[in-house]
Amino acid sequence: MSIALYNTLARAEQRFEPLDPGNVRLYVCGPTVYDWAHVGNARPAVVFDVLFRLLRCVFGDGHVTYVRNITDIDDKIIAAHRASGEPVADITRRTTDAYHADVAALGCLPPTIEPRATAHLAEMQAMIAQLVGSGHAYVAEGHVLFHVPSMPDYGRLSRRDLDEMIAGARVEVAPYKRDPRDFVLWKPAAEEDPGWDSPWGRGRPGWHIECSAMSGRYLSETFDIHGGGADLIFPHHENEIAQSTCAHGGRPFARFWLHNGYLMTEGAKMSKSLGNFYTVHDLLAEFPGEAIRLALLQTHYRQPLDFTREGVGQAKRTLDRFYGALRGAGGAPAPGSAGKGAAADTEVIAALGSDLNTPLALAVLHERLTTLNRAEGAAEKAAARAALLAAGAPLGLLAADPAAWMRGETGAAAALDEDSISSRIAARAAARKARDFHEADRLRADLLSEGIILEDTPAGTIWRRA
RNA sequence: GGCGCGGUGGCGGAGUGGUUACGCAGCGGCCUGCAAAGCCGUGUACACCGGUUCGAAUCCGGUCCGCGCCUCCA
C-alpha cells in the first residue's frame, strides 16, 4: 500500500515513506484556547484525524505518534482576560475542555500526545538560548529576535523572496529590529500579564517557538509530517522551519508539509460581522457531529470549502441513508467499534492514500451502500453490512448505533415519547387491517407533523426522525 | 504591488490526453392500499481566448472572475 501526499514544500504530490515505519511521526498545529472552536478550526482537526486513521491502518495502530498542541499562552488569551476579568488559567482550561468535547463529537480520535505550551517553557527557552548562542538570534530591548538573514534558505516553504518581503512590508518596523523581517522569539511581559523568568527578563514566548520546541521534544529533530491550515504557511510555519533548522545545526525539520484549504461560510469569507461565523458548539446544537464531519470530508482537504447549513443538512440526510440500511441489515449494534477486527477496505485505503481523496473514498462508501441494499438473505446482508462498516472506519464514519441514529438520539434533539409513537403505530396498523386508510393516513400525517417518518416494511412498520 | 489557490452539469463535488465519477434534486419504471425506504433506467458539464496534438475539459500561453497570505498584536 503506497501513500502519496501533496507536499507544500515541493508544491507537488510525493510518495510518502516514513523515516521509521515503526513510529510514524505527525505534528499538527492545534487551537489557541481563548474562545469556542469554529468550523475553520474543525476542518484541520477532522482532516488530520483521517490522515491519522489512514497511517494507523497502513502502519499499525501502535506505530503512529500524532502530536497536536494546545496554545494556552497568547495575546488573544490575554485580551480575553482583560475583557472579562476571568483568570487566564480558567479561560484556557474551560476553552480546552470545550475543544475536547467538540472534536470528540466530530468523531476525532484523541492525538497520541497533546502538549500545552505553558508546560514547555523550559524547552522553548533552551531553544531560544541555542539560537542566540549560534548567532541566529539576538537580544534587543527585552526582546529576543530571530535574525532572518542568518538563514539563507528562509522563505522556501512559502516561496517568498527575501528582498520582496521588505518591499511589500506594510507594517511599521519596530526600531529595535536589525532587519525588518526578524521575528520575536521572546518578548517582555507586562507586570499584570502572565510571564516567566528567563535569561532575557520576565516575559513570554513568541507565537512560533512553541511548535518548534514541542515537536522537537516529542518527535525529535526530523520527523515525517507537519500539518495545519493553509493560512499558517506564512509566517508561522516558515518561522518554525527557521527556528528548528537553525537550532538543530541545519538538520531537516518536517519532511512533508500538509495544508488544508481555506474555509468560507454561506458563500462568504468567515466573518463575525457577517454573522456567518459558526462555532462547532452552536452547530452541534442543531446537527449530529457526524453530519458536520461528513460535510467537511465531502470536499478534498486542499480545496476551498464553502461551509453551509444546507450542506450539513444534506450530509445528515446522506447519513440517514447509510444508517437506515445498516439498521435494516440487522445484526448486533456495535457502537464505537465499527470495522474493528475487519480488514480495511482496500479501495477506501487506496483513495485516502491518494492524497487523502475523501470524496473518492465516499463514492466507494456509496457503492458499498448499494451492495448492502441489494443484498438478500441474512448471510449476504451481514457480509455487506460488515463491508460498509469497514469502509467507513478509516473515515471515522458510521460508528454510531444505527437504531439510535434513526431515532435521532445522536444529535441534540429533544427526547421523544416512544410509547406514544408505538401506540399510534399500533392504532394505524389496526386501521389498515380494517382497511380504514383514511384513519391510517391521518395517524401517519400526525406523526409526520411531529417529525416522525413511518416506513412500512415486510417486517412491520418502523419509524425514524426526519 | 508581491506570492499562492480556485473557477466542472440545477446544486454539491472527484477524476482523466481518447472510455459512466459519485451524491442530492428532476424525470420514467418496479414495489406499496397510498406513501416512505429501496431497486432499475435516464438528461444537461468541464469560465473565456489562443496554441500543442490524430484527438483537450485534461498539457502550454494569455484573459476574466472569486479567494487567501504579505509577520513581530494593535
Side-chain angles (χ1 to χ4, degrees), chain A residues 8 11 74-76 78-79 140 143-146 148 155 157-161 163-174 176-177 179-187 206-208 229-239 259 261-264 267-270 294-295 297-300 302-308 310-311 313-315 317-318 320-322 324-325 327-328 351 354-355 357-367 369-370 372-376 406 431-438 440-441 444-445 447-448 452-458 461-464 466:
Chain A
T8 304
R11 308 278 157 147
D74 173 89
D75 294 344
K76 293 195 202 96
I78 293 169
H143 295 71
V144 183
L145 293 139
F146 184 90
V148 168
L157 179 70
S158 54
R159 305 256 163 135
R160 270 155 218 265
D161 183 272
D163 297 329
E164 283 171 354
M165 281 167 51
I166 299 176
R170 65 182 180 188
V171 177
E172 198 178 332
V173 177
Y176 49 79
K177 284 189 177 181
D179 186 282
R181 298 156 300 193
D182 293 350
F183 59 89
V184 172
L185 299 173
W186 188 263
K187 55 185 157 191
W207 174 30
H208 318 293
D231 49 338
L232 297 179
I233 294 173
F234 189 88
H236 185 53
H237 290 162
E238 196 70 72
N239 291 351
H259 294 97
Y262 300 106
L263 197 120
M264 322 226 304
K269 179 190 169 187
M270 239 186 352
L294 178 57
L297 294 178
Q298 270 169 338
T299 299
H300 181 82
R302 286 196 288 114
Q303 290 284 61
L305 166 57
D306 185 13
F307 190 91
T308 63
E310 171 58 30
Q314 189 170 120
R317 290 189 289 279
T318 298
D320 286 344
R321 286 190 69 210
F322 282 111
R327 175 174 66 166
S354 176
D355 195 31
N357 194 333
T358 53
L360 189 58
L362 289 168
V364 176
L365 249 65
H366 282 284
E367 277 183 43
L369 171 62
T370 301
L372 174 58
N373 281 329
R374 282 177 183 160
E376 290 174 27
M406 299 311 280
R432 290 178 72 204
K433 198 168 181 185
R435 304 198 66 78
D436 182 356
F437 296 121
H438 190 76
D441 290 351
R444 184 170 63 194
L447 283 163
L448 181 61
I452 304 302
I453 296 171
L454 299 189
E455 296 176 14
D456 296 328
T457 76
T461 298
I462 57 176
W463 62 270
R464 65 186 164 94

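Every chain is numbered from 1 and lettered A, B, ... according to where its sequence line falls, protein lines coming before strand lines.
- Comparing D231(A) and W207(A) against RNA chain B, the residue whose closest nucleotide sits nearer the 5' end is D231(A).
- Nucleotides A74(B) and C48(B), compared at atom P, are 49 Å apart to the nearest Å.
- Rounded to whole Å, the separation between the C1' atoms of G43(B) and G51(B) comes to 33 Å.
- Looking at heavy-atom distances under 4.0 Å, Q314(A) makes contact with a base.
- Distances were taken from every side-chain heavy atom of Y262(A) (C-beta onward) to each of C69(B), G33(B), A14(B); the shortest belongs to C69(B).
- Across all strands shown, S158(A) has heavy atoms under 4.0 Å from sugar-phosphate atoms exclusively, and none from any base.
- Taking each heavy atom of D182(A) and V148(A) in turn, the nearest pair found is OD1-N, 2.8 Å.
- Of the candidate nucleotides U71(B), C73(B), C34(B), U71(B) has the atom nearest to the side chain of P235(A).
- Taking the side-chain hydrogen bond (donor to acceptor under 3.5 Å, both in side chains) definition, one finds that H208(A) meets it with H236(A), N239(A), sequence neighbours left out.
- Taking only side-chain atoms of R321(A), from C-beta outward, the nucleotide of G15(B), C3(B), G23(B) with the closest atom is G23(B).
- Checking C70(B), A37(B), G23(B) against the side-chain heavy atoms of H366(A) singles out G23(B) as nearest.
- The side chain to side chain contact (heavy atoms under 4.5 Å, CB included) check on D306(A) picks up M264(A), T308(A), with sequence neighbours excluded.
- Taking all atoms of both residues into account, the shortest heavy-atom contact from G311(A) to A295(A) is O-CB, 4.3 Å.
- If you measure from atom CG of L369(A) to atom C1' of G23(B), you get 11 Å, rounded to the nearest angstrom.
- The same atom, P, is picked in G4(B) and in C46(B); the two are 29 Å apart, to the nearest Å.
- Taking atom P in both G15(B) and U52(B), one finds a spacing of 29 Å when rounded to whole Å.
- A search for side-chain hydrogen bond (donor to acceptor under 3.5 Å, both in side chains) contacts involving S158(A) returns R160(A), E238(A), not counting sequence neighbours.
- Between C49(B) and A57(B), the distance separating the two C1' atoms is 15 Å to the nearest Å.
- Residues satisfying the salt bridge (charged side-chain N to carboxylate O under 4.0 Å, His left out) test with E310(A), not counting sequence neighbours, are R317(A).
- Closest to the side chain of R432(A), from the set C34(B), G6(B), C69(B), is C34(B).
- Side-chain to base pairing of D456(A) with C34(B): one donor and one acceptor N or O lie within less than 3.5 Å of each other.
- Within the 4.5 Å cutoff, no side-chain heavy atoms of M406(A) are placed close to those of W463(A).
- Put simply, CG on D355(A) is 14 Å from P on C5(B), counting in whole angstrom units.
- With the nearest nucleotide of RNA chain B identified for both R159(A) and Q298(A), R159(A) has the one nearer the 5' end.
- Looking at heavy-atom distances under 4.0 Å, R302(A) makes no contact with the nucleic acid at all.
- Nucleotides G62(B) and U71(B) place their P atoms 28 Å apart, quoted to the nearest Å.
- The E455(A) side chain lies nearest to A36(B) when the options are A36(B), G33(B), C70(B).
- Counting to the nearest Å, the P atom of G38(B) and the CG atom of D320(A) are 10 Å from each other.
- You'll find that the side chain of A363(A) is closest to A21(B), out of G33(B), A21(B), G13(B).
- Each of G38(B), G4(B), C40(B) was ranked by its minimum atom distance to the side chain of N373(A); first place goes to G38(B).
- Taking a pair as Watson-Crick or G-U with both hydrogen-bonding distances under 3.5 Å, the stems of three or more pairs touching RNA chain B are B:1-7 with B:64-70, B:10-12 with B:22-24, B:26-30 with B:38-42, B:47-51 with B:59-63.
- H300(A) comes within 4.0 angstrom of the backbone, heavy atoms only, and of no base.
- Checked against side chain to side chain contact (heavy atoms under 4.5 Å, CB included), T370(A) has the following partners two or more places apart in sequence or in another chain: R374(A).
- Across the protein-nucleic acid pair, R317(A) atom CZ and A25(B) atom C1' stand 10 Å apart, rounded to whole Å.
- Contacts of E367(A) with the nucleic acid, taken as non-hydrogen atoms under 4.0 Å apart, are absent.
- Partners of D320(A) by side-chain hydrogen bond (donor to acceptor under 3.5 Å, both in side chains), not counting sequence neighbours, listed by chain and number: K316(A), W405(A).
- The distance from atom NZ of K187(A) to atom C1' of U71(B) is 11 Å, rounded to the nearest whole Å.
- If you check every strand for non-hydrogen atoms under 4.0 Å, T370(A) touches sugar and phosphate atoms only.
- Taking atom NZ of residue K76(A) and atom P of nucleotide C73(B), one finds them 13 Å apart after rounding to whole Å.
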Restricting to nitrogen or oxygen on both sides, can you table the protein-nucleotides 43-46 of chain B pairs closer than 3.5 Å?
none

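- Taking atom CG of L372(A) as the reference point, atom P of A37(B) lies 17 Å away to the nearest angstrom.
- No side-chain heavy atom of V184(A) sits less than 4.5 Å from a side-chain heavy atom of V144(A).
- Taking atom CG of L263(A) as the reference point, atom P of C69(B) lies 13 Å away to the nearest angstrom.
- For T318(A), taking side-chain heavy atoms from C-beta onward, the closest of the listed nucleotides A37(B), G33(B), G23(B) is G23(B).
- You won't find any donor-acceptor pair under 3.5 Å spanning the side chain of D306(A) and the base of G12(B), going by distance alone.
- Between H237(A) and H259(A), the two ring planes are tilted [angle within 30° to 60°].
- Using a 4.0 Å heavy-atom criterion, one finds that D74(A) contacts no nucleic acid atom at all.
- D456(A) places no side-chain N or O within donor-acceptor distance of the main-chain N or O of T461(A), the cut-off being under 3.5 Å.
- You'll find that the side chain of N239(A) is closest to U71(B), out of G33(B), C3(B), U71(B).
- Distance noted for atom P between G68(B) and G55(B): 41 Å (whole Å).
- Residue I453(A) is in sugar-phosphate contact alone, with no base atom involved, counting any heavy-atom pair closer than 4.0 Å across all strands shown.
- A distance of about 39 Å separates the P atoms of U63(B) and G23(B), rounded to the whole Å.
- H143(A) pairs by the side-chain hydrogen bond (donor to acceptor under 3.5 Å, both in side chains) definition with Y176(A), not counting sequence neighbours.
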